[in-house]
Amino acid sequence: MIKLLVNGRRMVFEGDPETPLLWVLRDDANLTGTKYGCGIGLCGACTVHVDGEAIRSCQLPVSAVGESEVITIEGVATNTSDAVIEAWALENVPQCGYCQPGMVMAVHALLRDIPDPTRRDVDANITNLCRCGTYPRVRKAVLRAAEIAAAAREAADQSG
């Protein structure tokens, strides 16, 4: 039995401890926003946060998660004032949308580590693959999300 904390909720997994976290999230927690892409950790469609770090969940056995906090796209998408989600819409990033949940999760980790990224930072750190080739819009959206987040921080600092 493995106890997990997913999007702030406790859950128990009683299957094979070597099951990839991706399948536990999709099949047992019914959190299908995290996508299966390549199965070998290259494409990033399965990106989630484990204790704040962007992790490719198709390669992480659920036993390695332990009591770490797991955040999926569903845990991020509930915040309608989220700068990344706002920028994604403003820049019209999604085309087919399949890779977008993993992209959004990777961008959140990038902006946590580098709040004011350069284009080079984006290119070096966002390694998720997009079959539709929306990379120019992704870059613009990441930089715009950084601006939105900075403006929100500044407004909070001025009001408090």
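- Nearest approach of Pro61 to Pro17, heavy atoms of both residues: CB-O, 3.8 Å.
- By the neighbour-count criterion of 12 heavy atoms within 6.0 Å, atom CG of Asp16 is densely surrounded, having more than that number from other residues, nucleotides or ligands.
- Smallest separation of non-hydrogen atoms from Gly44 and Asn128: O-ND2, 3.0 Å.
- Under the 3.5 Å distance criterion, the side-chain polar atoms of Asp157 are left unmatched by any main-chain donor or acceptor of Glu154.
- Remark: side-chain polar atoms of Arg139 are not paired, donor with acceptor, to backbone N or O of Asp123 under 3.5 angstrom.
- Taking NZ of Lys140 as the start and CG of Leu90 as the end, the distance is 10.5 Å to the nearest 0.5 Å.
- Within a 6.0 Å sphere centred on CZ of Arg153, heavy atoms belonging to other residues, nucleotides or ligands number more than 12.
- In this structure, Tyr98 is not a member of the same hydrophobic cluster as Ile85, with clusters built from ILVMFWY side-chain heavy atoms closer than 4.5 Å.
- A distance of 8.0 Å separates CD in Gln59 from CG in Leu42, rounded to the nearest 0.5 Å.
- Counting heavy atoms from C-beta outward, Leu111 and Pro117 have side chains that approach closer than 4.5 Å.
- Hydrophobic clustering keeps Val107 apart from Ile148 (ILVMFWY residues linked when any side-chain heavy atoms are closer than 4.5 Å, directly or through intermediates).
- Note that the NZ atom of Lys35 and the SG atom of Cys43 stand 12.0 Å from one another [nearest 0.5 Å].
- Contact of the Ser68 side chain with the Asp51 side chain is registered, since non-hydrogen atoms from C-beta on lie closer than 4.5 Å.
- The distance from atom CE of Met103 to atom CD of Gln100, rounded to the nearest 0.5 Å, is 6.0 Å.
- Ring pair Trp23/Tyr36 is tilted by interplanar angle, where 30° to 60° counts as tilted.
- Membership of the apolar cluster around Val24 extends to Ile2, Leu4, Val6, Met11, Phe13, Leu21, Leu25, Leu31, Val48, Val50, Ile55, Leu60, Val62, Val65, Val70, as traced through chained side-chain contacts below 4.5 Å between ILVMFWY residues.
- Between the side chain of Glu74 and the backbone N or O of Gly33, at least one donor-acceptor pair lies under 3.5 Å.
- Note that CZ of Arg10 and CD of Glu67 are 6.0 Å apart. Values are rounded to the nearest 0.5 Å.
- Side chains of Cys58 and Ile40 form no contact here, defined as non-hydrogen atoms less than 4.5 Å apart.
- Counting only distance, with no hydrogens or angles, the side chain of Ser57 and the backbone of Cys46 share a donor-acceptor pair below 3.5 Å.
- Between Ser63 and Glu18, the shortest heavy-atom distance links the atoms OG-OE2, 3.6 Å.
- Under the 3.5 Å distance criterion, the side-chain polar atoms of Asn125 are left unmatched by any main-chain donor or acceptor of Leu110.
- Considering all non-hydrogen atoms of both residues, Thr47 and Ala106 come closest at CG2-N, 4.1 Å.
- Here the shortest heavy-atom pairing between Val76 and Met105 reads CG2-SD, 3.7 Å.
- The shortest heavy-atom contact between Arg56 and Gly41 is NH1-O, 3.1 Å.
- Atom CG in Asn7 sits 8.5 Å away from atom CG in Leu5 (nearest 0.5 Å).
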Test log, rule side-chain contact (heavy atoms from CB on, under 4.5 Å), inputs Arg131 and Cys96: CA-CA 9 Å; Arg131 291 179 185 172; Cys96 84; 6.0 Å; no
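- Residues Val142 and Trp88 meet the side-chain proximity criterion, which asks for heavy atoms closer than 4.5 Å.
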